[in-house]
Amino acid sequence: MKNIIVGLLAVFVCSATYGANDESSKLAIYQYAVYLLPDSDGDPTATVKELVASDFADFSIIEKVDGPPAEPLLLLTTVSDVKDSYAPPDMESLSYKGRGLSRDQGLALQESETALVIDVGYPLTMASIAFPAALQLMAAVAEKHNGLIWDEATREVFTVAAWRERRIDTWNEGVPNVQDHTAIHAYKNGDYVRAITLGMEKFGQPDIVVNDFAWSNNRAIGSLINLVTQTLIEGGVLDDKLSLAIDIQAIRNTEAREDLLASLFDNAEPALRLSFKPEVPDEGDPDNFLLAILFDSAAGASPQEQQEALLSTLFGSADAITYVDHDAQLLAASEAAQKKLPRLRDAFSAGLEPGEFIYVKAPFTTADGGSEWMWVEIINWEGNTIRGLLQNDPYHVPDLKAGAEVTVNMDEIFDYIRVRADGTREGNETGRIMQQYSQ
């Protein structure tokens, strides 16, 4: 459900975001709500009015929308038929949409009958005052009425304690950590993965998309998206060509900067310029302007090669080659891995869990006729034919680079690694043996 202020003014958000760099033309418009639990009492609407009159005087409460907000505004709507008009997440969804809820609170949420929906709107020039004030206001209302806070933009529900911990207490240097106020949804889209942010309309900024990457790059893509969104909320400006300068070391929020710096290798180049293009919305995308990150400034014959090159430049990389003879112990471990491949193929065909992927180690012919064994992330597996993405730059195969799409034969696979969504791994017995050799 979206209230009229969001539906009517979404066009202003989209057009203002990509107008001239005049901040006065930009808006932040979003929606929160407080779900009242069965043991809640009192009138939250009256509470909001009291709080605005006393502690939050920068806001004005309006009865209807007359146009784009010129000052911080609140539009209050009481929903009395929650299950039909503003249904909360069910118990299964709360496992990934709930923040700080106990099982009892989750069950109580299912019985909620009433919610106070609060639409927030203001010019972006007033965000430094209005945004933190809106966060504090929601906490105060939910705390007084024993309610749970819903963020429509990120599709999450919070206890008051979790809201304060994640949304209010993590600010420093005058700016929030964007990860605490947005979400990134990543999902399989054909052979590859698509990621999109939720919640950037709260900052009057576009939501960011990355198309056609591999699950193994999910963490790096997430870091790149966080760097872009943090740069935008800290005042980074997209120029007329939709390009943006990003620099990890220039990030002001200490927590956000340190998280990004911790992921760098020694050869990282943590500052560059990114280009974007408008993204056509997909089903389920946020009601906001969307921009997709382009990787075409990096070298590569395909989008995936360009992604690998740009991520390796920005965050750095570390590759190594090991020379070993395939002795009896290694060959026995490889034969055992081969016997498990049909089971892995069945699992892949049935559909892996989101975030789960499989590497296989396959031979590639070198310039001198030998073999260089490299890891390939599977994106398609039919019969004995495996299509996937090369995971590193070869040392002795000059025509290939990381991210290249390659085809290998199942009968030639030397080993495999199955990486589950929780980060646990299966396979690579030959790798453990080679590590012992190197020691």
Side-chain angles (χ1 to χ4, degrees), residues 1 3 28 30-59 61 72 74-80 82-83 86-91 93-120 122 127 129-172 175-183 198-199 201-203 253 255:
M1 172 182 171
N3 276 353
Y30 49 94
Q31 185 176 99
Y32 293 142
V34 175
Y35 283 105
L36 302 185
L37 303 182
D39 60 353
S40 300
D41 57 12
D43 180 2
T45 299
T47 298
V48 174
K49 292 178 178 179
E50 292 170 3
L51 288 169
V52 168
S54 57
D55 300 327
F56 297 92
D58 290 309
F59 283 102
I61 298 174
L74 302 176
L75 176 65
L76 311 180
T77 304
T78 300
V79 179
S80 300
V82 160
K83 292 183 180 179
Y86 209 85
D90 59 25
M91 290 299 289
S93 298
L94 284 175
S95 63
Y96 55 90
K97 291 185 176 182
R99 303 290 176 257
L101 278 70
S102 67
R103 176 173 174 78
D104 286 345
Q105 287 172 312
L107 292 170
L109 178 60
Q110 308 309 305
E111 303 303 318
S112 174
E113 297 180 352
T114 305
L116 176 62
V117 179
I118 304 177
D119 286 303
V120 185
Y122 44 82
I129 296 172
F131 185 53
L135 297 173
Q136 294 282 6
L137 175 65
M138 294 304 300
V141 175
E143 187 167 48
K144 182 169 183 178
H145 294 279
N146 188 32
L148 298 174
I149 304 170
W150 171 253
D151 184 338
E152 174 70 23
T154 60
R155 305 166 194 174
E156 299 170 295
V157 61
F158 295 78
T159 63
V160 174
W163 182 264
R164 292 190 186 280
E165 179 183 355
R166 293 169 179 253
R167 295 290 175 92
I168 296 174
D169 296 341
T170 57
W171 289 53
N172 61 64
V175 292
N177 185 342
V178 72
Q179 297 179 66
D180 297 323
H181 298 267
T182 59
L198 305 174
E201 64 259 45
K202 293 181 292 187
F203 302 96
N253 183 280
E255 182 183 30

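Keep in mind that the numbers below use all heavy atoms, side chains included, and drop hydrogens, waters and symmetry copies.
Listed for the H181 side chain is no donor-acceptor partner under 3.5 Å among the backbone atoms of P176. Listed for the T47 side chain is no donor-acceptor partner under 3.5 Å among the backbone atoms of V141. A donor-acceptor pair under 3.5 Å is absent between the side-chain atoms of E111 and the main chain of L107, judged by distance alone.
Side-chain atoms of E152 and W150 form a donor-acceptor pair, as typed in the model, at a separation below 3.5 Å. Side-chain atoms of D180 and T170 form a donor-acceptor pair, as typed in the model, at a separation below 3.5 Å.
To the nearest 0.5 Å, atoms OH (Y32) and CG (L135) are separated by 4.5 Å.
Salt-bridge annotation for E156 and K97: absent, with no side-chain N of the basic residue lying under 4.0 Å from a carboxylate O of the acidic one. Between R164 and E143 a salt bridge is recorded (basic side-chain N to carboxylate O distance below 4.0 Å).
Between Y30 and D151 there is no side-chain heavy-atom pair separated by less than 4.5 Å. Looking at heavy atoms from C-beta onward, Y86 lies in side-chain contact with V117 at the 4.5 angstrom threshold.
In terms of heavy atoms, S112 sits closest to Y35 at OG-CD2, 3.8 Å.
Using a 30° and 60° split on the angle between ring planes, F131 and W171 fall in the tilted class, from 30° to 60°.
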